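All of these numbers come straight from a predicted model, not from anything done at the bench.
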Amino acid sequence: MRRLREAAGITREAAGEAIRCSHAKMCRLELGRVGCKERDVADLLTLYGLTDEAVRAEFLALARGTSTPGWWQQYHDVLPAWFETLLGLEEAASVIRTYEVQFVPGLLQTPAYARAVCQLGSPQAAGEDIERRVDLRLRRQALLSTPGAPRLWAVLDEACLRRPLGGSETMTGQLRHLLEVSRLPHVTVQVAPFRLGGHAAAGGPITILRFLEPDLPDIVYLEQLTSALYLDKRKDVDHYLAVTDQLSAQAASPRQTQVILQQLVSAAEGT
């Protein structure tokens with residue numbers, strides 16, 4: 001839609017006025033962050049001069065698809081609205097790069113470890129709500145075992161592996177799981193050891209999502225306690241890409257990481 005608009009020489013503001021929406025909403029629509037009405041898409045296609053009925057039908061079919069609820073909607077009672085966007089982006093991403101400081105990334109957590117994380121983050125939540133959060137996390141992980149799964153590149157601070165979360169049995173199981181998934185062809189796991197000292201990514205967790213579609217910009221996801229930031233400006237994205245590239249170069253290689261994980265598993269099993 002953005003290519004069509006630009007080819008027609010129409011500004012985003014003018015397109016927004018044509019379908020009675022704000023510039024901000026028009027921007028989100030072109031980035032695929034919000035659903036769109038079939039009527040609005042039809043009006044935009046007419047505005048852009050697209051008259052080929054076969055091509056219009058393809059666009060309109062896609063528009064109808066945006067109103068189909070994502071699988072995560074069934075967890076709306078335990079799912080923050082700001083997190084829903086990340087789930088949708090993960091489903092569309094071709095590459096997911098993530099750096100975690102404190103916990104194993106959600107896409108790589110075992111059920112027991114995920115349960116411990118959820119209980120830590122929501123100590124007042126009822127047991128049923130905790131289990132639904134765990135189910136949501138496991139359902140989210142199914143993405144990695146689907147045809148055409150995105151490539152996952154995760155860098156974990158050593159603290160993630162050393163912090164005893166959920167007890168020794170939970171941590172041992174989590175370490176074993178990390179070792180197993182690190183051997184998958186589309187998953188890369190690296191450990192940033194303590195010996196690195198300070199580094200550029202020390203401020204907090206970072207996730208960068210990349211898409212096959214050339215018109216879709218990379219998205220940087222920065223999670224906070226009760227909200228999240230989604231950055232797509234080229235300057236911001238380039239900065240975080242440089243930080244993660246530097247960190248990946250400094251961290252233990254994937255092969256070295258597997259050795260580290262095996263040593264941790266062996267040590268845990270021997271205690």
Side-chain angles (χ1 to χ4, degrees), residues 78-80 83 86 96-144 152-184 187-207 221-226 228 244 247-248 250-271:
V78 294
L79 180 63
F83 194 71
L86 176 64
I96 301 173
R97 297 184 64 176
T98 185
Y99 165 67
E100 281 288 347
V101 186
Q102 190 166 197
F103 304 118
V104 171
L107 287 170
L108 299 176
Q109 293 177 5
T110 64
Y113 186 93
R115 187 172 295 107
V117 173
C118 291
Q119 289 171 337
L120 183 64
S122 304
Q124 306 302 320
E128 182 179 350
D129 286 347
I130 293 295
E131 291 307 312
R132 284 183 57 72
R133 287 182 169 89
V134 174
D135 288 344
L136 168 62
R137 196 154 303 190
L138 297 180
R139 179 71 183 275
R140 176 185 168 201
Q141 292 176 8
L143 172 72
L144 297 178
L152 176 63
W153 186 354
V155 179
L156 285 63
D157 192 281
E158 187 174 346
C160 299
L161 310 179
R162 299 286 186 181
R163 179 171 286 105
L165 187 65
S168 60
E169 185 176 345
T170 294
M171 281 305 301
T172 302
Q174 179 62 69
L175 291 169
R176 283 199 210 98
H177 181 64
L178 281 174
L179 185 57
E180 291 172 5
V181 296
S182 71
R183 294 170 176 150
L184 295 174
V187 176
T188 299
V189 179
Q190 291 182 267
V191 173
F194 290 143
R195 61 175 172 76
L196 285 182
H199 52 76
I206 302 168
T207 296
Y221 171 77
L222 304 175
E223 186 171 319
Q224 302 168 355
L225 284 178
T226 58
T244 53
L247 180 59
S248 298
Q250 294 175 325
S253 70
R255 186 175 296 276
Q256 291 170 333
T257 293
Q258 290 181 358
V259 173
I260 292 171
L261 290 171
Q262 184 60 68
Q263 291 173 340
L264 290 171
V265 169
S266 298
E269 291 177 339
T271 57

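- Judged by distance alone, with hydrogens and angles left aside, the side-chain atoms of Q174 form a donor-acceptor pair with the main-chain N or O of T110 at under 3.5 Å.
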Chi angles and distances behind the side-chain contact (heavy atoms from CB on, under 4.5 Å) call for W153, V189: CA-CA 6 Å; W153 186 354; V189 179; over 6 Å; no
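- The minimum heavy-atom distance linking A114 with V134 is given by the pair C-CG2, 4.1 Å.
- Contact check for L156 versus F103: no side-chain heavy atoms found under the 4.5 Å cut-off.
- Contact of the T170 side chain with the L165 side chain is not registered, since no non-hydrogen atoms from C-beta on lie closer than 4.5 Å.
- Considering every non-hydrogen atom in both S248 and R97, the closest pair reads OG-NH2, 3.4 Å.
- Within the 4.5 Å cutoff, the side chain of L178 has no heavy atoms near those of the V265 side chain.
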Do any side-chain atoms of residues 119-131 form donor-acceptor pairs under 3.5 angstrom with protein atoms, and if so which ones, sequence neighbours left out?
residue	atom	partner	partner atom	Å
E131	OE1	R115	NH2	3.2
E131	OE2	R115	NE	2.7

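- In this structure a side-chain-to-backbone donor-acceptor pair under 3.5 Å is missing from Q250 to A192.
- Side chains of L108 and L152 form a contact here, defined as non-hydrogen atoms less than 4.5 Å apart.
- Minimum interatomic distance between G166 and A116 (heavy atoms only, all atoms of both residues): CA-CB, 3.9 Å.
- The shortest heavy-atom contact between L261 and S182 is CD1-OG, 4.5 Å.
- Side-chain contact between H177 and Q109 is absent, with no heavy atoms from C-beta onward closer than 4.5 Å.
- Although no hydrogens or angles enter the test, the distance criterion places a donor-acceptor pair under 3.5 Å between the side chain of Q190 and the main chain of A252.
- Taking the ring pair (Phe, Tyr, Trp, His ring centres under 6.0 Å) definition, one finds that Y221 meets it with Y230, sequence neighbours left out.
- Proximity of I206 to L247: side-chain heavy atoms (C-beta onward) are nowhere separated by under 4.5 Å.
- The side-chain hydrogen bond (donor to acceptor under 3.5 Å, both in side chains) search around Q102 returns none, not counting sequence neighbours.
- Legend: residues meeting side-chain hydrogen bond (donor to acceptor under 3.5 Å, both in side chains) with T98, ordered by chain and number and at least two apart, are T207.
- A salt bridge (charged side-chain N to carboxylate O under 4.0 Å, His left out) check over residues 164-182, counting only residues at least two apart or in different chains, returns the pairs R176-E269.
- What you find for E100 and P205 is that their closest heavy atoms are OE1-CB, 3.6 Å.
- The line from CG of L179 to CD of Q258 is 6.5 Å long, rounded to the nearest 0.5 Å.
- Residue R137 comes nearest to C118 through the heavy atom pair NH2-SG, 4.0 Å, listed as atom of the first residue, atom of the second, then distance.
- Partners of R162 by side-chain hydrogen bond (donor to acceptor under 3.5 Å, both in side chains), not counting sequence neighbours, listed by chain and number: E158.
- Here the CD1 atom belonging to I96 is positioned 5.5 Å from the CG atom belonging to L143, to the nearest 0.5 angstrom.
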